[in-house]
Amino acid sequence: MLFTELPTPQVLVDRTRLLANLDRMQADADAHRVRLRPHAKTHKIPDVARWQMDRGAVGICCAKIGEAEVFADAGIEDIRLPYPVNPRNASRLLALMDRCRVSIIVDHPAVARGWSEVMRAAGRSLDVLIKVDVGSHRCGIDPAPPAGLSFVRLVSGLPGLRLRGLLSHAGHGYGAESERALAAVARDEAEMLRGLGDEARRDGISIEEISVGATPTARFSVAEPGVTELRPGTYAYFDRTQVAFGAARLDDCALTVLAMVVSKPTPDRIVLDCGSKTLTNDPPHGYDHPRGFGAVFANLDATSIAADLAIDRLSEEHAVVTVASGSTPLEPGDLVRVLPNHVCPVSNLVDCVRLIEGRQVMETMTVAARGKIA
Ligand SMILES: Cc1ncc(COP(=O)(O)O)c(C=O)c1O
C-alpha cells in the first residue's frame, strides 16, 4: 500500500532515515567509548528499542514505570528511569526489578531514605544515580559544595541502595541562542558532574557512571572526558527543533505527519486536518527562532520545506496555514507532509505509526507505550 492511500492525519516513519539515525549515534558513542542508553520516550515502540539494543545500546531509559513495564514485557533487559520515581510506587518497581535490571535517580533525602527502607524491607538492592541540576532547574541537586557532596555521602551510606553515579539532563540547551552557547551547555554540564564525581571519589565514594543526555548536546557531550553514558532520545526520529539546533539535517528527520488540506477559505490561507491532537501545541525552538507549529514540506518526499507556508494556528483538529506569497496551488483534498516541532509527544498521541520506504507502507507499528504516563 502507498501512504497516499491512508486516511489522514497519519504518522509516518521513514525506515531508512530511522535506521541511519540509530547507526550514526551508536557509531559516535562507540568511537568515543561512551555507552549509549537511548531514551525510549521518543518512539515508545519495543521493536525500535530492540533495534537500538542490537546496534550496541546498553539498555534504554523510560520516563515512567508504566512505560518501563511495556518494554520489560517486550524483553528489554536493562531499563533506567531518569525520573524522580516516588517510593509510593514501591510494589510496581519491585515487580519490575523481577523482570529486568532497573535503575532510578534520586535527588531528595526523604525520597532516597524512602527507597532505602523499601529495599531493606524487601531484602533487595536498587541501583540509583544522583540527579544533578546542571542548569535546567527542573529536578536535581545543586552540585556546589558542600551540599552536593553531602547528598552523595548520604545516598552512598543508605542500605538497600547501590550508588552507581551521577546523572543530568541539560534541558536548558533547548534555550541556546547559538552553536557556541549550546557547546558551552554541554561543556559546563560535564564539568559540573566531573567536579562532583571527583570530590566524591576523594571522599572514598565510588562513582562509576557519569550519565548525560539530550539530543542537541549529544554531539558535544560524547567527547567530554569522564562522561560514561549518553541518553539521547529524540535522535531516533529527529524533528524541526533538532534541525534548528544543528543536531540533524532535514533529510535525517524520520517522523512526519501526513495531512490533508481540508479547507481553503482564502487564497492565502489553507487548513490541514492535523491539529493539536496530532502536532501538539509544542512551540518551536532553535537558534533562529522558527515560527509556527511545525513545518510543511514542499513535496511528499519530505526533502525540502515550503518556505512560504507557516502553521500559525492550531485547534484540536485544524492546522491553519498562512501562505506568505499570497497564493498556493494546494487545494482541498491535496496531501502534505508536516515536520513536527517536537516528535516525542506526537508519538504519544497515536496508536500506531506507519513504517515507510519511499511512498510504500512496509509495516504498521504499534506505539505500545503510548499513554503510559503513570
Ligand atoms: C532525563 C532525560 N534524559 C534524556 C532525555 C532525552 O533528551 P532528548 O529528548 O533531548 O533526546 C530526556 C528528555 O526529555 C530526559 O528528560
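All ligand and atom numbering here is 1-based and tracks the order in the structure. Note that the structure is predicted; figures quoted are calculated from it, not measured.
Listed by number with element, the atoms of ligand 1 under 4.0 Å from a non-hydrogen atom of G233 are 6 (C), 8 (P), 11 (O). Proximity to K41 (heavy-atom distance under 4.0 Å) selects the following atoms of ligand 1: 12 (C), 13 (C), 14 (O). Within the listing of ligand 1, atoms 11 (O) sit less than 4.0 angstrom from a heavy atom of P232. Close approach to P82 involves these atoms of ligand 1, each under 4.0 Å from a residue heavy atom: 1 (C).
For the residue pair P340 and D239, the shortest heavy atom distance occurs at O-CB, 3.5 Å. Contact between D107 and K131 at its shortest, heavy atoms only, is CB-O, 3.9 Å.
Judged by the shortest distance from any of its heavy atoms, C61 lies outside the 4.0 Å radius around the atoms of ligand 1. Within the 4.0 Å heavy-atom shell around ligand 1 one finds P216.
Here's the thing with C344: none of its N/O atoms is less than 3.5 angstrom from an N/O atom of ligand 1. Any N or O atom pair closer than 3.5 Å counts here, and Y235 shares no such pair with ligand 1.
The CE atom of M362 sits 14.0 Å away from atom CZ of R354, with the distance rounded to the nearest 0.5 Å.
The local environment of OH in Y83 is sparse, with at most 12 non-hydrogen atoms from other residues, nucleotides or ligands closer than 6.0 Å.
Closest heavy-atom approach to atom 8 (P) of ligand 1 within the set T215, T42, L81: this belongs to T215.
No donor-acceptor pair closer than 3.5 Å links the side chain of R269 to the backbone N or O of K264.
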For this session: Could you go through the salt bridge (Lys or Arg N to Asp or Glu O under 4.0 Å) check for D252 and R17 one step at a time?
Result: CA-CA 6 Å; D252 297 323; R17 292 183 183 189; over 6 Å; no

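T234 OG1, 2.8 Å is the protein heavy atom nearest to atom 9 (O) of ligand 1. Protein heavy atom nearest atom 3 (N) of ligand 1, with residue, atom name and distance: R231 NH2, 2.9 Å. Of the protein's heavy atoms, H169 CE1, 3.3 Å lies nearest to atom 12 (C) of ligand 1.
Contacts between Y174 and ligand 1, counted as non-hydrogen atom pairs separated by less than 4.0 Å, involve the side chain only. The proximity of A218 to ligand 1, defined as any non-hydrogen pair under 4.0 Å, does not occur for either the backbone or the side chain. Counting heavy atoms closer than 4.0 Å to ligand 1, residue R138 contributes side-chain atoms (C-beta onward) but none from N, CA, C or O.
When each of R92, R99, K372 is checked for a salt bridge (charged side-chain N to carboxylate O under 4.0 Å, His left out) with E69, only R92 meets the rule. For the pairing with R37, the side-chain contact (heavy atoms from CB on, under 4.5 Å) check across I79, D78, L230 returns one residue only, D78.
Cluster annotation: V11 is not connected to V361 through the hydrophobic network of ILVMFWY side chains, with a link wherever side-chain heavy atoms come within less than 4.5 Å.
F220 is not listed as a side-chain neighbour of R187, based on a closest heavy-atom distance of 4.5 Å or more.
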